[in-house]
Peer 1: 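Handing you a structure now.
Chain naming here is simple, since letters A, B, ... match the order of the sequence lines and numbering starts at 1 in each.
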Amino acid sequence: MQYEEAFALIALACLAGYGILRRTSCKVLVRRCRRRLTIVTSIVALAGLSAFAGQAVAHTIGSGQYVYRTGDLCTRSISTMWHDNGNPRLAVGTEAAQGSFGVGGFNLDCVNAFTRPAGYIALHWTLFKWGPAQNAWLNCSSAGWFFNGSPNWQISRGNSWGSKPCGSGYYGVMADSFVWNGGWYGGGNWSGYEYL
Amino acid sequence: MRKLVVIAVLVSASFFAAGYAISGPHSEPSSEAPSTSPGAEVLVADEHGDVLRCNGKVARVKVNLPPPAAGPAQATKVDRQPKPKRYACAKDRNGRETGELEEVETP
């Protein structure tokens, strides 16, 4: 459910509730208020504003998950997207971890940050847009690969657009996160999608 | 007072309907996510969101590939500030599409 729908439904529920309860205590309260019209008008205006403002509310979607996981190495990928006045913004990241910790038969892995030398952690993003006519996700924009330039256990990147880069529609971000361990280990992580 | 409540509900409902209409026709994606298979091919969008065609042929690119750098030594030599790019149809000196794809930087 979109924000504007939720706001409008809440506003409608409030008004309906007021209508039901108005014969009881609410009636007394409202009677005391000489500006009943102002109150109701304010509620309506708030509901209306919410319905329209919902278009501009920053609605963040995202995912953080391990795209590679062994005792030696864990590659975690973060992929988030939100919007600013309907224009997409994204933040993605790659984290390296390792190690495990066992307590009472339970074993947790990827418990320690794993600092890697320069060039060992890689990150790439692709902004996808849904193509209704093709019934498929279309590659809208992407950036080249980004690597850690100094020893670190994580890297992150972000980008924002001043307009919708591929017109209105459903957008989502795929983050590709890899860590070098004699080969590149990792994979893609999808943010989910939202209508912009 | 009842009239006032009815009017308020109607006005609110109209705002709701208008807000929904402004947000456009939402035809939900039938596919939850693009393929995460290494080397999977996806279609390319043009600046209007339509599928990109070069010389009439639908453009496709591979995704989810590991970094092209053969290892960390090469990785440290790549551009430290990669800029956003989009795919476009490559053109020859006469402005005719070659059928190939090229990456162009976007602001």
Peer 1: Hey, does the side chain of B:R86 reach the backbone of A:P165 with a donor-acceptor pair shorter than 3.5 angstrom?
Peer 2: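 It does hold such a pair.
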
Peer 1: Let me see the working for B:E28 and A:Y195 under side-chain contact (heavy atoms from CB on, under 4.5 Å), right down to the final yes or no.
Peer 2: CA-CA 9 Å; B:E28 283 268 343; A:Y195 191 88; over 6 Å; no

Peer 1: Which heavy-atom pair separates A:F178 from B:N64 by the least distance, and what is that distance?
Peer 2: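 That closest heavy-atom pairing would be CZ-O, 4.4 Å.
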
Peer 1: Heavy-atom pairs under 4.5 Å with chain A are the metric here; pick the option from B:L43, B:D50, B:V58, B:L52 that has the most.
Peer 2: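 Of the candidates given, the most pairs with chain A belong to B:L43.
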
Peer 1: Using a 4.5 angstrom heavy-atom cutoff, name the option from A:P132, A:G187, A:G149, A:G131 with the most pairs to chain B.
Peer 2: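 Heavy-atom pairs under 4.5 Å are most numerous for A:G149.
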
Peer 1: Got a second to check how far A:N189's CG is from B:T36's OG1, nearest 0.5 Å?
Peer 2: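 One gets 9.5 Å once the value is rounded to the nearest 0.5 Å.
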
Peer 1: Identify the residues of residues 87-98 of chain A whose heavy atoms come closer than 4.5 Å to a heavy atom of chain B, ordered by number, or report 'none'.
Peer 2: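 Residues in range: none.
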
Peer 1: May I ask whether A:Y170 and B:V51 are part of the same hydrophobic cluster, defined by side-chain heavy atoms of I, L, V, M, F, W, Y residues being less than 4.5 angstrom apart, directly or through others?
Peer 2: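 No, A:Y170 and B:V51 fall in different hydrophobic clusters.
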
Peer 1: Transitively linked via ILVMFWY side-chain contacts under 4.5 Å: B:L101 with A:L138?
Peer 2: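 Result: no, two separate clusters.
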
Peer 1: Counting only non-hydrogen atoms closer than 4.5 Å, does A:R157 touch chain B with its backbone (N, CA, C, O), its side chain (CB onward), both, or neither?
Peer 2: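 Only the side chain of A:R157 comes within 4.5 Å of chain B.
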
Peer 1: Are the side chains of B:R60 and A:N139 in touch, meaning some heavy atoms are under 4.5 Å apart?
Peer 2: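 Side-chain contact under 4.5 Å: no.
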
Peer 1: Pick from A:A122, A:G188, A:G144, A:G186: which one has the most heavy-atom pairs with chain B under 4.5 Å?
Peer 2: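 Among A:A122, A:G188, A:G144, A:G186, the one with the most close pairs to chain B is A:G144.
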
Peer 1: Answer with yes or no whether the hydrophobic clustering places A:V103 together with A:L108; edges join I, L, V, M, F, W, Y residues whose side-chain heavy atoms lie under 4.5 Å apart.
Peer 2: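 As far as the 4.5 Å side-chain criterion goes, A:L108 and A:V103 are connected within one cluster.
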
Peer 1: With a 4.5 angstrom heavy-atom cut-off, which part of B:L65 approaches chain A: side chain, backbone, both or neither?
Peer 2: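 For B:L65, backbone heavy atoms alone lie under 4.5 Å from chain A.
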
Peer 1: When clusters are formed by joining ILVMFWY residues with side-chain heavy atoms under 4.5 Å apart, either directly or through shared neighbours, do A:I78 and A:Y66 land in the same one?
Peer 2: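 Looking at the clustering, A:Y66 is in a separate group from A:I78.
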
Peer 1: Less than 4.5 Å to any heavy atom of chain B: does that hold for the side chain of A:A118, its backbone, both, or neither?
Peer 2: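 Interface part for A:A118: both.
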
Peer 1: Spell out, yes or no, whether A:W153 and A:Y185 are grouped together once hydrophobic residues are joined by side-chain heavy atoms under 4.5 Å, including indirect joins.
Peer 2: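 Not linked; separate clusters.
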
Peer 1: For B:V44, is it the side chain, the backbone, both or neither that has a heavy atom under 4.5 Å from a heavy atom of chain A?
Peer 2: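 Contact with chain A involves both backbone and side-chain atoms of B:V44.
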
Peer 1: So which heavy atom on B:A45 is nearest to which on A:C140, and how close?
Peer 2: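 Taking every non-hydrogen atom into account, CB-CA, 4.2 Å.
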
Peer 1: Nearest 0.5 Å, what's the OG-OH distance between A:S142 and B:Y87?
Peer 2: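 Spacing of OG (A:S142) from OH (B:Y87) equals 5.0 Å.
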
Peer 1: Is the closest side-chain heavy-atom distance between B:P82 and A:H124 below 4.5 Å?
Peer 2: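 SC-SC contact between B:P82 and A:H124 ruled out.
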
Peer 1: Can you check whether B:S30 reaches A:W130 side chain to side chain, under 4.5 Å on heavy atoms?
Peer 2: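 A side-chain contact under 4.5 Å exists here.
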
Peer 1: Give, as side chain, backbone, both or neither, the part of B:K83 having an atom under 4.5 angstrom from any heavy atom of chain A.
Peer 2: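 Contact with chain A: backbone only.
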
Peer 1: Please flag which part of B:V63 lies under 4.5 Å from any non-hydrogen atom of chain A: side chain, backbone, both or neither.
Peer 2: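 Side chain only.
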
Peer 1: Looking only at non-hydrogen atoms, find the nearest pair between B:P29 and A:Y193 and report the distance.
Peer 2: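 That would be CD-CE1, 3.5 Å.
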
Peer 1: Hey, what do you get for CG (A:L127) to OG1 (B:T106), rounding to the nearest 0.5 Å?
Peer 2: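 So the CG of A:L127 and the OG1 of B:T106 are separated by 10.0 Å.
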
Peer 1: Look at A:F128, A:W161, A:W137, A:W125 and state which one has the largest set of heavy-atom pairs under 4.5 Å with chain B.
Peer 2: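 Most pairs with chain B among the choices: A:W137.
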
Peer 1: What heavy-atom pair brings B:P66 and A:W145 nearest, and what distance separates the two atoms?
Peer 2: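 Taking B:P66 first and A:W145 second, the nearest heavy atoms are C-CZ2, 3.9 Å.
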
Peer 1: Considering only heavy atoms, which portion of B:E32 lies under 4.5 Å from any heavy atom of chain A: side chain, backbone, both, or neither?
Peer 2: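 Contact with chain A: backbone and side chain both.
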
Peer 1: Identify which of B:S31, B:P72, B:P84 forms the greatest number of heavy-atom pairs closer than 4.5 Å to chain A.
Peer 2: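 Winner by heavy-atom pair count: B:P72.
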
Peer 1: Mind checking the OG-CD spacing from A:S141 to B:E47? Nearest 0.5 Å is all I need.
Peer 2: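 Answer for the OG-CD pair, A:S141 versus B:E47, is 12.0 Å.
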
Peer 1: Which bit of B:S37 is near chain A, if near means a heavy-atom gap under 4.5 Å: side chain, backbone, both or neither?
Peer 2: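 When you check distances to chain A, no heavy atom of B:S37 falls under 4.5 Å.
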
Peer 1: Which region of A:T126, side chain (C-beta onward) or backbone (N, CA, C, O), has a non-hydrogen atom less than 4.5 Å from a non-hydrogen atom of chain B, or is it both or neither?
Peer 2: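 A:T126 has no heavy atom closer than 4.5 Å to chain B.
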
